[in-house]
Amino acid sequence: MIDKGYDPGKIEGRWYDYWLEGGYFRAETGSERPPYCIVIPPPNITGSLHIGHALDVTLQDILIRWKRMSGFNTLWLPGTDHAGIATQNVVERELQKEGLDRHTLGREGFIKRVWEWKERYGGEIIKQLKSMGASCDWSRERFTLDEGLSRAVREVFVRLYNDGLIYRGDYIINWCPRCHTALSDLEVEHEEREGRLYYIRYRFADGGGHITVATTRPETLLGDTAVAVNPEDERYKGVVGKTVVLPILGRHIPVIADAYVDSSFGTGAVKVTPAHDPNDFEIARRHDLPFVKIMDGEGRMTDEAGPYKGQDRFECRSRIIDDLKEDGLLEKTEPHRMAIGHCYRCKTIVEPYLSEQWFVRVRPLADEAIKAVRDGRIRIIPSGWENSYFDWMENIKDWCISRQIWWGHRIPVWYCEDLQNEECRGKKGVIVSVETPNRCPYCGSARLRQDDDVLDTWFSSALWPFSTLGWPDETEDLRTFYPTSVLVTGFDILFFWVARMIMMGLRFMNDVPFRDVYIHALIRDEEGQKMSKSKGNVVDPLEMTRVYGTDAFRFTLAAYAAQGRDIRFSEKRVEGYRHFINKIWNVARFILMNQDRTGVSKGHEMRSLSLPNRWIISRLRSVIEETNRALEEYRFNEAAGCLYQFVWHELCDWYLEMIKLELYGGDEERRGAVMATLNHVFEITLCLLHPFMPFVTEELWHGLSYNTGVSSICIRRYPVPDECGYDEGALRDMQTVMDAITGIRSIRGELNLQPSLEIGVKIKTDDATGRVLNENMMYIKRLTRARDVEIGRDIEAPEDSATAVRPSMEIFVPLEGLDIGAEIERMTKELERLRERFSLLERKLSNEDFIRKAPERVVEENRLKYREFKEKIKIIEDKLERLRGLQRSHSP
RNA sequence: GGGCGGAUAGCUCAGGUGGGAGAGCGCAGCCCUUACAAGGCUGAGGUCACAGGUUCGAGCCCUGUUCCGCCUACCA
């Protein structure tokens with residue numbers, strides 16, 4: 001006999017090892033079975049499992065286990081991401097504690113150090129994935145800096161370069177002064193804040209007056225090389241072409257006209273700082289203005305900043321404001337809402353910064369990626385995200401891919417230092433190559449210098465669906481599993497990752513990287529706040545699994561995963577599902593206890609079974625259908641909800657309670673038949689549940705010896721409807737029996753009758769219903785604790801009796817000393833409810849338009865209900881009248 | 001500035017194509033009935049944010065309003 005309660009800690013590790021030993025998670029090469037593949041969104045090696053991963057992993061595992069059981073050759077490919085900036089930051093912090101920095105170690109030494117760190121801690125998250133029960137094929141685990149994946153990265157870079165889709169140049173990019181690197185537009189998080197708009201006077205050089213510009217960043221005036229106005233702006237017509245004097249520095253700069261300037265904003269005149277603002281950069285290129293860099297990579301002011309040299313950018317700002325005030329050049333300031341960009345890794349305010357970087361020309365790639373979704377080669381689920389996808393793709397700008405850090409894929413570009421011939425000089429000595437060159441291919445020089453930069457981490461993750469399968473080699477895995485089946489991820493990386501995988505997949509594999517993209521919600525705390533360490537509101541998934549068990553936690557996440565909505569996570573709900581698992585556990589206990597006593601017999605005809613047995617099998621058939629359908633449509637919450645409802649409220653509350661009668665009494669043949677049915681139903685139920693709660697289902701499946709012929713539930717065929725018979729009559733009859741039982745119970749409950757009180761019951765009903773009730777009398781008696789039940793079409797309502805009205809049934813419970821007042825109250829309330837509904841029906845049916853325009857089916861349904869309610873109301877009215885009569889005769 | 005989503009029971013949320021308002025938790029009453037008190041039975045509780053419109057009929061479709069959340073953006 002198994003333990004009284006379920007203790008997840010005892011069994012989870014054991015079964016996970018069992019699965020690994022059995023090799024159940026390993027994908028086959030050269031399989032006849034249809035492939036089903038998911039590549040995991042690779043977690044950062046710096047990370048530890050958070051609740052978002054837990055959700056992501058749970059949903060993927062549900063799909064993979066379901067498909068594996070359904071006969072597919074499944075591959076769930078796991079791995080981790082090197083996470084360039086994040087990892088570099090972590091290791092740098094560690095060095096800092098030792099009083100070191102990366103420059104003292106040197107590039108090679110530092111990278112060695114990061115690898116050491118990776119070996120030590122990078123595996124943590126993998127262990128945590130395993131503890132969630134993830135059925136990944138660990139023999140195919142990948143890391144974005146693996147040799148194979150690195151080769152893919154270089155290959156892609158070289159091909160894109162040769163196709164003219166990668167270029168290098170001086171542009172304004174987003175610069176993080178703390179991480180000392182360029183960032184792509186996406187890596188900047190914008191946050192709206194209350195700032196100030198400063199109105200600053202620039203005096204004309206000829207001494208006559210001034211022009212006022214408005215700016216949010218007064219310190220950048222040090223780098224101004226013009227003031228611009230709109231050419232159509234009448235106010236400034238006479239000013240264009242004049243010269244103004246830059247405040248503080250006294251430099252003379254021109255007033256120019258450019259259509260970019262919005263006359264309605266500020267004063268209609270804008271200062272132009274070409275080296276520190278992307279728009280000004282464009283203006284400067286149009287007007288051939290000089291570029292003056294006033295800030296360095298640390299965010300400190302350069303020599304160009306004159307008296308402010310060496311100051312921090314924010315210190316400089318306040319100094320400049322003071323100085324402008326002193327010079328009487330600060331006209332006014334206004335409050336101004338604006339979005340400020342922050343580094344997504346360290347939250348430092350980013351700086352628009354002019355520097356030489358590598359870029360991907362994404363327009364042609366994006367166009368193909370748009371087509372793939374438009375024509376349905378890729379489905380995005382829920383489809384609402386398609387709009388965001390299209391919007392972003394249509395307005396996409398070139399992607400800055402070079403990073404000035406050390407941890408990552410070094411850019412496969414070398415520069416010839418000698419430029420010894422015409423060809424070499426023509427190419428500017430730039431060598432782009434998959435293999436590391438020994439000599440310059442143009443001039444033969446051996447003095448080559450590799451580009452210092454590494455690639456954006458997302459550049460390598462964009463290749464993940466094919467680089468992990470062996471590309472650029474034409475491997476068996478690639479042939480079998482590309483395109484992958486579905487990508488499961490959160491919307492926060494739709495652009496970062498999903499969109500870029502689509503672009504790269506189409507470009508290099510000539511096919512989409514996945515057929516479906518399932519986008520799940522973000523998990524928030526109970527107040528709807530995003531979880532973050534600094535807020536201290538994180539829910540630790542590992543603690544959840546420790547306290548409630550992995551299965552309960554997984555089931556909770558699945559039950560929460562309704563499409564298109566954020567999840568507000570509540571621990572109470574996990575607790576609820578732990579109870580659910582305990583419930584399942586106890587079904588197994590129930591089976592084992594009775595099995596010992598009764599044994600099991602086999603091969604029973606459905607029609608020879610008693611009503612509850614025929615009913616539960618028919619219900620299970622529907623549950624199988626619904627679960628499969630829900631999973632097919634990524635409606636995880638519906639699948640979970642349907643199983644929960646079935647197990648708890650149908651299997652346990654009704655079926656088990658009813659068959660106790662047959663198990664405790666009845667003949668041996670009958671007991672054996674019931675046990676056979678129960679086992680059949682429970683075995684299938686465990687299988688249905690297995691993808692959601694792998695551990696407890698495996699444990700019970702073995703505990704109940706269902707493992708004949710198949711060594712693990714995880715490879716047992718996922719239930720199909722044909723495994724169950726279907727008996728519509730049983731569903732109908734069972735409903736009748738349940739109606740009778742709940743009717744009687746309702747009287748018991750509402751009148752507060754002692755459960756020990758054995759009651760007599762009279763039911764007035766038609767012959768057909770009466771026959772069903774009589775056939776199942778024993779269940780009714782047991783579940784209502786009724787002494788005797790009299791059934792007939794001519795039953796008279798006894799005096800002093802409580803009443804319940806059910807479809808085609810009037811139920812009476814005669815009671816000595818019935819509390820007439822209480823019963824009148826009950827009946828009155830019931831009557832009110834009925835009358836309300838009835839008058840609605842009455843109005844509907846007396847509406848000619850309704851009769852004429854509504855579908856026949858709906859009209860008929862309403863007529864039926866109308867008659868039913870009318871009858872019920874009459875019964876209750878009569879009953880009430882009699883009760884009132886009684887009340888009068890009883891009172892003195 | 002543009003876009004998207006949400007507002008349903010005290011709380012957290014379900015409600016694929018318009019036709020009987022649901023679940024879990026919580027709450028109240030009764031019950032330790034031999035799988036489970038991590039349980040059972042019976043209940044109470046809702047002008048489906050607001051205002052219009054379409055329709056025989058709207059939680060669901062359309063328009064507008066309010067509040068909340070998110071994404072996105074080069075008006076300094």
Side-chain angles (χ1 to χ4, degrees), chain A residues 4-6 172 185 190 197-198 213-217 220 228 260-267 269-273 277-282 336 338-339 352 384-385 387-388 391-392 395 397 491-492 494-495 522 524 526 528-530 559-560 562-570 572-573 575-594 629 633 635 637-638 641 644-645 649 652-653 656-657 660 664 742 745-756 782-785 837 840-841 844 847-855 857-859 861-862 865:
Chain A
K4 187 162 179 191
Y6 173 53
I172 299 269
D185 296 342
H190 293 277
L197 195 57
Y198 300 86
V213 300
T215 181
T216 54
R217 305 177 63 212
T220 61
Y260 161 77
V261 181
D262 176 2
S263 305
S264 64
F265 187 89
T267 61
V270 60
K271 56 193 268 325
V272 181
T273 321
D277 182 281
N279 297 311
D280 296 2
F281 177 82
E282 294 300 328
H336 180 65
M338 55 185 186
W385 291 106
N387 278 335
S388 304
D391 188 56
W392 188 74
N395 298 302
K397 287 197 294 282
F491 61 80
D492 50 333
L494 179 60
F495 307 140
L522 216 66
R524 300 171 183 284
E526 280 178 276
Q529 300 284 311
K530 207 167 168 174
Y560 258 127
Q563 287 183 7
R565 214 195 224 219
D566 283 350
I567 296 169
R568 289 197 195 195
F569 189 84
S570 163
K572 295 293 275 184
R573 201 145 167 198
E575 198 182 334
Y577 289 120
R578 181 186 60 169
H579 296 169
F580 177 49
I581 289 174
N582 196 54
K583 193 82 178 170
I584 295 166
W585 184 263
N586 275 290
V587 176
R589 267 170 58 84
F590 178 84
I591 292 173
L592 286 171
M593 287 170 99
N594 286 289
R629 183 194 48 76
E633 297 170 11
R635 297 176 182 275
N637 62 321
E638 283 183 17
Y644 181 93
Q645 171 70 23
H649 298 301
C652 292
D653 288 350
L656 288 190
E657 291 308 320
K660 278 175 183 172
Y664 298 162
T742 54
R745 279 174 173 174
S746 168
I747 291 171
R748 263 193 182 284
E750 286 178 53
L751 294 179
N752 258 331
L753 304 183
Q754 289 295 309
S756 54
R782 181 186 161 92
L783 268 54
T784 60
R785 294 187 140 237
R837 293 282 309 281
L840 217 74
L841 288 167
K844 229 184 212 184
N847 183 339
E848 276 179 39
D849 283 333
F850 175 72
I851 307 290
R852 209 171 54 242
K853 293 180 181 168
R857 179 184 54 83
V858 175
V859 176
E861 271 171 21
N862 278 276
K865 259 182 277 177

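In this text, all values refer to a predicted model and were calculated from it rather than measured experimentally. Sequence lines set the chain letters: A, B, ... in the order given, protein chains first and strands last, and positions in each chain run from 1.
Contact annotation for Asn847(A): backbone-only contact, meaning every heavy-atom pair under 4.0 Å involves sugar-phosphate atoms and none involves a base. Here Thr215(A) lies in heavy-atom contact (under 4.0 Å) with sugar-phosphate atoms only. Counting any heavy atom pair closer than 4.0 Å across all strands shown, Leu656(A) reaches a base atom. Nucleic acid contact for Gln645(A): none, since no nucleic acid atom lies under 4.0 Å from a heavy atom of the residue. Tyr560(A) comes within 4.0 angstrom of sugar-phosphate atoms only, judged by non-hydrogen atoms across all strands, and of no base. Using a 4.0 Å heavy-atom criterion, one finds that Ala339(A) contacts the bases of the nucleic acid, with or without backbone contacts as well.
Distances shorter than 4.0 Å separate none of the side-chain N or O atoms of His190(A) from OP1 or OP2 on C71(B). Neither OP1 nor OP2 of C56(B) sits under 4.0 Å from any side-chain N or O of Arg852(A). At A35(B), one or more side-chain N or O atoms of Tyr664(A) fall inside 4.0 Å of OP1 or OP2 (strictly under the cut-off). Contact annotation: Ser746(A) side-chain N/O to G43(B) OP1/OP2 distance is under 4.0 Å. A close approach under 4.0 Å does not occur between any side-chain nitrogen or oxygen of Lys397(A) and OP1 or OP2 of A73(B). Contact annotation: Arg568(A) reaches the phosphate of C13(B) (side-chain N/O to OP1 or OP2, under 4.0 Å).
Side-chain contact between Val858(A) and Phe850(A) is present, with heavy atoms from C-beta onward closer than 4.5 Å. With a 4.5 Å cut-off on side-chain heavy atoms, Pro352(A) and Ile172(A) count as touching.
Between Lys865(A) and Glu861(A) there is no salt bridge, since no side-chain N of the basic residue sits under 4.0 Å from a carboxylate O of the acidic one.
With hydrogens and angles left out, the side-chain atoms of Asn637(A) and Tyr560(A) include no donor and acceptor closer than 3.5 Å.
Atom CZ of Arg573(A) is separated from atom CD1 of Ile567(A) by 9.0 Å, given to the nearest 0.5 angstrom.
Rounded to whole Å, the separation between the C1' atoms of G6(B) and G15(B) comes to 15 Å. Going from the P atom of A73(B) to that of C27(B) covers 47 Å, rounded to whole Å.
Of the candidate nucleotides G40(B), C31(B), A38(B), G40(B) has the atom lying nearest to any side-chain atom of Asp653(A). With distances taken from any side-chain atom of Phe850(A) to the nucleotides G19(B), G20(B), C36(B), the minimum falls on G19(B). Closest to the side chain of Lys583(A), from the set A14(B), A76(B), G39(B), is G39(B). Of the candidate nucleotides C36(B), C13(B), C56(B), C36(B) has the atom lying nearest to any side-chain atom of Glu657(A).
Contact annotation: side chain of Lys572(A) to base of C25(B), donor-acceptor pair absent below 3.5 Å. Between the base of A44(B) and the side chain of Glu750(A) there is no donor-acceptor pair shorter than 3.5 Å.
Between the CD1 atom of Ile172(A) and the C1' atom of A76(B) there is a distance of 14 Å, given to the nearest Å. With rounding to whole Å, Asn862(A) atom CG is found 11 Å from C56(B) atom C1'. Straight-line distance from the CZ atom of Arg629(A) to the P atom of G16(B): 11 Å, rounded to whole Å.
Map Gly266(A) and Tyr6(A) each onto its nearest nucleotide of RNA chain B; the residue landing nearer the 5' end is Tyr6(A).
Side-chain rings of Phe265(A) and His336(A) approach one another, their centers coming within less than 6.0 Å.
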